Visitor: 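Sharing a structure, written as C-alpha cells. Questions coming.
This is a predicted model, so every value here is computed, not measured.
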Amino acid sequence: MTNAELASALNDEFKLEGHARLSANVIRQWVDWGLLPKAQVGGRIQGGGPIWGRQNSAIMRARRFAEMRIYGLRSERALVAEAYIEWDAVSFDRAKHAILGEFCSVKSKLRRNLTADIPAGPVSEFSSTKRRALRNQGGPLDPIFRSTQFELSTDTILAAMQSTFAGISNEGDQFALIANALAQMAPSLAPYLPSHLLEMASTNALFAPSDEVEFSGEAVLALSTQAQFASARKTTMKFVRRMHKVTDGRYAHIFPDDSLAMLSMMKTLLPQISTGPWLVTRFTHILMMQDSKNIAH
C-alpha cells in the first residue's frame, strides 16, 4: 500500500473532506515526524514494479491519526502527544514537551473568558451577581445535555470551576455535589460506584495558574519524571480500555435501567474524550493524582 493508497483508503473510511482530507504528502509527513513507519517492499508484481506494504500496527496508528483529523487535530505536537499516551512510541523528552504544550493550549483556551475572580468558601454563599458572572463565563451547555439528567445544577458547575481553575478545594462540599450529580445521572447505580471515582471527578487545581498554585496541572507536568509519566500513561490507557468495555454493550444487562441513558451518553462521547486534548487532560489529571511526594523538585 503506497502513501497515496493509504491516504485514499483512510479518506474513504473516515469520510474526510476539506482541510481534514489526507494526501500522500500528509502520510509522508507522518513518516518524517517519526510517527509512522515507512512502507516496505513486500514483493514485486510479475514483470512490474514493487508491492508496497505496512504492518498492521502501522495501519492502526495511521487510522488513529486520520480519526484525529475529524476533531481538527493535525499538528505534529498533537500527534506526538497521542503517540506517547496510546503507544509509548516517542521518547520521553519529546513526549513531555508535546504534552505540556498541548495541555497549556487547552488551559489557555479555557481560561480566556474567565475574567471574574473565583472566591473561596461554599459556592452556595456566592452572591447572585458572582454566580451569574461565573456561570456565563463557563460557556453555554452543549445542546446534547440540555433538559436531560445530565444538565447539572449551578452549584455543581461552580464548585467544579472553583476547584479546577482556582485550586480552591472545599473537599467535603465538592464530594457531596459530585455524589449528588452521580445520583441524578444514574440513581440506582450511584450507591455502588467506588469512592475513588469521587477523587477522579474532583479536578482540583488542574487548570489553576502555575505561578499561584504549587501543584497545578502545568507544574506537575513540568516536574514529573520519566517513571511518573510511564505510570500515568499506563493508568490512562487502562481507564480508556475500561470505558470502551463498559460502553460497548456487552455489560448492559448488568446495569439498572435508569443507568442506560448514562451509558449511551458515555458511548457517544467516548471517541472524543479519549482523543487529543481530552486525552492529554485525563493523562495530566491522573499524573496529579499520583503521590505528590514523588514529584521531583
Visitor: Does atom CG of D142 have more than 12 heavy-atom neighbours, drawn from other residues, nucleotides or ligands, at distances under 6.0 Å?
Guide: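 Check passes, neighbour count above 12.
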Visitor: When rounded to the nearest 0.5 angstrom, what is the spacing between OG1 in T115 and CD in Q137?
Guide: 3.5 Å
Visitor: Please walk me through it: do L36 and I27 pass side chain to side chain contact (heavy atoms under 4.5 Å, CB included)?
Guide: CA-CA 8 Å; L36 190 70; I27 305 297; 3.9 Å; yes
Visitor: Is there a donor-acceptor pair closer than 3.5 Å between any side-chain N or O of N11 and the backbone N or O of L22?
Guide: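 Indeed, once roles are kept as given, a pair shorter than 3.5 Å links the two residues.
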Visitor: Establish, yes or no, whether a centroid distance under 6.0 Å links the rings of F65 and W87.
Guide: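 F65 vs W87: aromatic centres under 6.0 Å.
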Visitor: Are there more than 12 heavy atoms of other residues, nucleotides or ligands under 6.0 Å from atom CZ of R94?
Guide: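 More than 12 heavy atoms, drawn from other residues, nucleotides or ligands, come within 6.0 Å of this atom.
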Visitor: Go through the side-chain N and O atoms of T156 and S153 and say whether any donor and acceptor fall under 3.5 Å apart.
Guide: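 Distance-only check passes for T156 and S153.
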Visitor: Where is the tightest heavy-atom contact between S105 and R77, given as atom of each residue plus distance?
Guide: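 Residues S105 and R77, closest heavy atoms: CB-NH2, 3.6 Å.
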Visitor: What's the shortest heavy-atom distance between S216 and M288, and which atoms?
Guide: C-CE, 3.9 Å
Visitor: State the OG-CD1 distance between S274 and I85, to the nearest 0.5 angstrom.
Guide: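 Interatomic distance, S274 OG to I85 CD1, rounded to 0.5 Å: 11.0 Å.
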Visitor: Report the residue from R233, R64, K234 that forms a salt bridge (charged side-chain N to carboxylate O under 4.0 Å, His left out) with E86.
Guide: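 Going through R233, R64, K234 one by one, the salt bridge (charged side-chain N to carboxylate O under 4.0 Å, His left out) with E86 is satisfied by R64 alone.
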Visitor: So, is the end of the R282 side chain (NZ or CZ) under 6.0 Å from the ring centre of F239 and within 45° of the ring's axis?
Guide: yes
Visitor: Quick one: does K245's side chain have a donor or acceptor within less than 3.5 Å of a partner on V240's backbone?
Guide: no
Visitor: If you look at every heavy atom in R131 and L158, which pair is closest and at what distance?
Guide: CG-CD1, 3.8 Å
Visitor: When you measure from the side chain of R21 to the backbone N and O of L16, does any donor-acceptor pair fall under 3.5 Å?
Guide: yes
Visitor: Identify whether V213 and F165 are in the same connected component of the hydrophobic contact network (ILVMFWY, side-chain heavy atoms under 4.5 Å).
Guide: no
Visitor: Check the pair F103, F283 against ring pair (Phe, Tyr, Trp, His ring centres under 6.0 Å), reporting the backbone distance first and the verdict last.
Guide: CA-CA 10 Å; F103 178 81; F283 170 86; 9.9 Å; no
Visitor: For F145, is there any backbone N or O sitting under 3.5 Å from a side-chain donor or acceptor partner on T148?
Guide: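 Yes; at least one donor-acceptor contact below 3.5 Å.
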Visitor: Can we say E151 and R146 salt-bridge, meaning some charged N sits less than 4.0 Å from an Asp/Glu carboxylate O?
Guide: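 Looking at R146 together with E151, the answer is no, because their closest N to O distance does not fall below 4.0 Å.
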Visitor: For A116 versus K130, what's the shortest heavy-atom pair and its separation?
Guide: CB-NZ, 4.3 Å
Visitor: State, to 0.1 Å, how close L152 and I157 come at their nearest heavy-atom pair, and which atoms those are.
Guide: O-CD1, 3.9 Å
Visitor: Hey, are T275 and E82 close enough side-chain-wise for a donor-acceptor pair under 3.5 Å?
Guide: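 On atom types as modelled, these side chains do not qualify, holding no pair under 3.5 Å.
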Visitor: Walk me through whether R28 and D32 qualify under side chain to side chain contact (heavy atoms under 4.5 Å, CB included).
Guide: CA-CA 6 Å; R28 193 173 299 115; D32 291 343; 4.2 Å; yes
Visitor: Hydrogens and angles aside, do R241 and H244 bring a side-chain donor and acceptor to less than 3.5 Å of each other?
Guide: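 No - no donor-acceptor pair under 3.5 Å links their side chains.
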Visitor: Show the nearest heavy-atom pair for residues A232 and L287, with the distance to one decimal.
Guide: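 Looking at all heavy atoms of both residues, the shortest contact is CB-CD1, 3.7 Å.
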